[in-house]
Amino acid sequence: MNAAGIILAAGKSERMGEAKALLKLRDGSTFLARAIDTLDKAGIQRIVIVANPATRESFEQVCRDLGREERTTFAVNPRPEDGMISSIRIACASFGDPFPERAIVTLVDIPDTSPTVARKLLETELSEKIVLAIPRFEDGPGHPVMLLKGIREILDDLLPMGLKSVIEKYPDRIAEISCEGRQPWDVDTPRDYARIQS
């Protein structure tokens with residue numbers, strides 16, 4: 001399967017006060033390194049990391065430290081304030097042709113994203129009309145999500161709420177995949193960061 005991974009890390013982390021992608025976990029790895037490892041464990045070789053102009057250089061250094069620079073490319077979002085969908089559009093545009101059949105999208109600020117869930121999304125058989133697959137945990141839908149190649153024809157639509165707009169406008173083209181456990185926490189504030197470190 002022609003599969004890829006997208007790591008969304010273009011946010012300016014204003015509530016955190018520093019780039020979340022470079023925060024350290026208890027094992028000493030950064031959030032970005034953890035996201036790359038998650039996609040690696042899911043069997044994904046091709047990864048696009050969406051950065052902002054101020055963070056690209058430091059993110060590239062993380063990839064070099066991991067020996068991952070040859071299999072990782074970068075896309076820069078000059079206006080991350082336009083929301084997650086702007087980063088998704090930029091990442092998808094960077095793929096060119098052939099566009100991947102499936103692309104796992106993970107947020108850098110959800111360090112406990114499960115490679116098992118990502119693998120399940122990749123391995124689930126879906127009809128050709130599906131453009132977005134979402135894992136449904138015991139406490140509701142969560143991350144990572146998966147884009148399918150039909151998403152290209154939708155990304156140029158007006159999507160004021162990002163992927164939520166896709167879900168609302170194209171409910172028959174969305175698949176929910178049942179997954180065990182609860183959805184992983186995202187880290188938006190210093191308090192969230194302290195919580196996952198405890």
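Just so it is clear, the values below take in all heavy atoms, side chains as well, and ignore hydrogens, waters and symmetry mates.
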Shared hydrophobic cluster, L66 / L23 (ILVMFWY, side-chain heavy atoms < 4.5 Å): yes

So, for L155 and R89, which heavy atoms are closest and what is the spacing to 0.1 Å? O-NE, 2.7 Å

Minimal non-hydrogen separation, D97 against R152, with atom names: OD1-NH1, 3.2 Å

Going by heavy atoms in the side chains, are F137 and P184 under 4.5 Å from each other? yes

Determine whether D192 and W185 satisfy the following criterion, side-chain contact (heavy atoms from CB on, under 4.5 Å), listing intermediate values before the conclusion. CA-CA 8 Å; D192 295 334; W185 286 337; over 6 Å; no

Salt bridge (charged side-chain N to carboxylate O under 4.0 Å, His left out) between R182 and D112, worked out: CA-CA 11 Å; R182 300 176 67 82; D112 289 332; over 6 Å; no

Taking L8 as the starting point, is it possible to reach L159 by hopping between hydrophobic residues whose side chains are less than 4.5 Å apart? yes

Validation row: D40, R71 side chains within 4.5 angstrom (heavy atoms): yes

Tell me whether K12 contacts the main-chain N or O of P80 through its side chain, where contact means a donor paired with an acceptor under 3.5 Å. no

So does E153 have more than 12 non-hydrogen atoms from other groups sitting under 6.0 Å from CD? yes

Test item: R136 side-chain N/O and E176 main-chain N/O as donor-acceptor pair under 3.5 Å: no

Does E69 CD have over 12 foreign heavy atoms under 6.0 Å away? yes

Output every pair passing side chain to side chain donor-acceptor pair (under 3.5 Å) with a member in residues 74-84, not counting sequence neighbours, ordered by first then second residue. N77-S86, N77-S87, R79-E81, R79-D82

Is the shortest side-chain N to carboxylate O distance from R68 to D37 below 4.0 Å? no

Heavy atoms only: give me the nearest A51-T55 pair and the separation to one decimal. CB-OG1, 3.6 Å

Beyond-backbone contact of D157 with Y170, side-chain heavy atoms, under 4.5 angstrom: yes

Residue K169 excluded, over 12 heavy atoms near NZ under 6.0 Å: yes

Within the structure provided, determine whether L132 and L147 are in side-chain contact (heavy-atom separation under 4.5 Å). yes

When L39 is tested against each of I104, I6, T72 for side chain to side chain contact (heavy atoms under 4.5 Å, CB included), which residue passes? I104

Distance only, no hydrogens: is a donor on one side chain within 3.5 Å (strictly under) of an acceptor on the other, for Y193 and D109? no

State whether E168 and K164 are salt-bridged, where the test is any N-O pair (Lys NZ or Arg NE/NH1/NH2 against Asp/Glu carboxylate O) under 4.0 Å. no

Please tell me if the side chains of P78 and N52 come closer than 4.5 Å, counting only heavy atoms from C-beta onward. no

Does the side chain of T106 reach to within under 4.5 Å of the side chain of V108, using non-hydrogen atoms? no

Minimum heavy-atom separation for R34 and D27, please, with both atom names. NH2-OD2, 3.3 Å

Pair I196, F31 - check side-chain contact (heavy atoms from CB on, under 4.5 Å), show working. CA-CA 12 Å; I196 68 162; F31 280 29; 3.7 Å; yes

Starting at OG1 of T124, measure out to CD1 of I177 and round the result to the nearest 0.5 Å. 4.5 Å

Would a single hydrophobic cluster contain both I44 and I151, if residues Ile, Leu, Val, Met, Phe, Trp and Tyr are joined by side-chain heavy-atom contacts under 4.5 Å? no

Please assess V105 against M84 for the test side-chain contact (heavy atoms from CB on, under 4.5 Å), listing each intermediate value before the final yes or no. CA-CA 11 Å; V105 180; M84 184 173 69; 5.7 Å; no

Does I49 reach the side chain of C63, with side-chain heavy atoms less than 4.5 Å apart? yes

Under a 4.5 Å side-chain heavy-atom rule over Ile, Leu, Val, Met, Phe, Trp and Tyr, are M146 and I85 clustered together? no

Nearest non-hydrogen partners of A9 and A21, listed with the distance: CB-CB, 4.4 Å

With clusters defined by side-chain heavy atoms of hydrophobic residues (ILVMFWY) lying less than 4.5 Å apart, directly or transitively, does L107 cluster with L163? yes

side-chain contact (heavy atoms from CB on, under 4.5 Å) between D172 and K129: does it pass, once the steps are laid out? CA-CA 8 Å; D172 61 332; K129 74 175 184 178; 4.1 Å; yes

For residues 116-123, dump all side-chain donor-acceptor pairs below 3.5 Å to protein atoms at least two apart in sequence or in another chain.
from	atom 1	to	atom 2	distance (Å)
R119	NH1	K41	O	2.7
K120	NZ	S178	O	2.5

With a 4.5 Å heavy-atom cut-off, do C92 and I88 have their side chains touching? yes

Check this for me: does any side-chain nitrogen of one of E128 and R173 sit under 4.0 Å from a carboxylate oxygen of the other? no

How close do N2 and P100 get, heavy atom to heavy atom, and via which atoms? ND2-CA, 3.3 Å

Rounded distance (nearest 0.5 Å) linking atom CZ of F99 with atom CG of L148: 9.5 Å

To the nearest 0.5 Å, how far apart are CG in D65 and CG in L32? 10.5 Å

Donor-acceptor pair, distance only, cut-off 3.5 Å: does the side chain of R46 make one with the backbone of F95? yes

